[in-house]
Amino acid sequence: RAEADRRRGTTSERGYSTRGHRSFRTQVLHADPVCVLCQLRPSTVADHYPHSRRELIELGMDPNDPAMGRGLCKTCHDQSTARDQPGGWNSR
């Protein structure tokens, strides 16, 4: 797992601490204050959707475009990420 984390890079290296990403997060959570999947809990995670941040960059798209995001609670985000983007010990 530690090796997978090293290959993946830090949050800063992946672009999650930039001004653009902070703006993305703020706008997505404002647009979706309640989790769009469970409709029960407040959104606390701005999830890139329908493409991952990495895919948006590979496609030459702006990963900080709030139209490419949805608000999720942490539980739904973790489940969605484990299912759609397995990594570490769960790599396929």
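Quick note: numbers below take in every heavy atom, side chains included, and nothing from hydrogens, waters or symmetry partners.
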Inset, instruction - Any chance you could lay out the side chain to side chain donor-acceptor pair (under 3.5 Å) test for R19 and N64, step after step, and finish with the verdict? - result: CA-CA 9 Å; R19 179 180 293 139; N64 297 320; over 6 Å; no
Legend entry - Polar side-chain atom of S43 near backbone of C73 as donor-acceptor pair, under 3.5 Å: no
Inset, instruction - Quick one: pull up CG in D65 and CD in Q27 and give me the separation to the nearest 0.5 Å. - result: 8.5 Å
Inset, instruction - Identify the heavy atoms of E55 and H51 that sit nearest to each other, and give their distance. - result: OE1-CA, 3.2 Å
Legend entry - Closest non-hydrogen atom pair between R41 and T75, with its separation: NH2-CB, 3.7 Å
Legend entry - Check: R22 main-chain N/O paired with T26 side-chain donor or acceptor under 3.5 Å: yes
Legend entry - Ionic contact status for R70 with D47, cut-off 4.0 Å: yes
Inset, instruction - Drop me the distance from T18's OG1 to F24's CZ, to the nearest 0.5 angstrom. - result: 10.5 Å
Legend entry - Exam field: side chain T81 to backbone H77, donor-acceptor pair closer than 3.5 Å: yes
Inset, instruction - For residues R25 and V45, determine if any side-chain heavy atom of one lies less than 4.5 Å from a side-chain heavy atom of the other. - result: no
Legend entry - Closest non-hydrogen atom pair between P63 and I57, with its separation: CG-CG1, 3.8 Å
Legend entry - Shared hydrophobic cluster, M68 / L59 (ILVMFWY, side-chain heavy atoms < 4.5 Å): yes
Legend entry - Donor-acceptor under 3.5 Å (Q79 side chain, C76 main chain): no
Inset, instruction - Specify the closest pair of heavy atoms between Q39 and V36, including all atoms of both residues, with the distance to one decimal. - result: NE2-O, 3.2 Å
Legend entry - Shortest non-hydrogen contact between S52 and H48, atoms and distance: C-CB, 4.0 Å
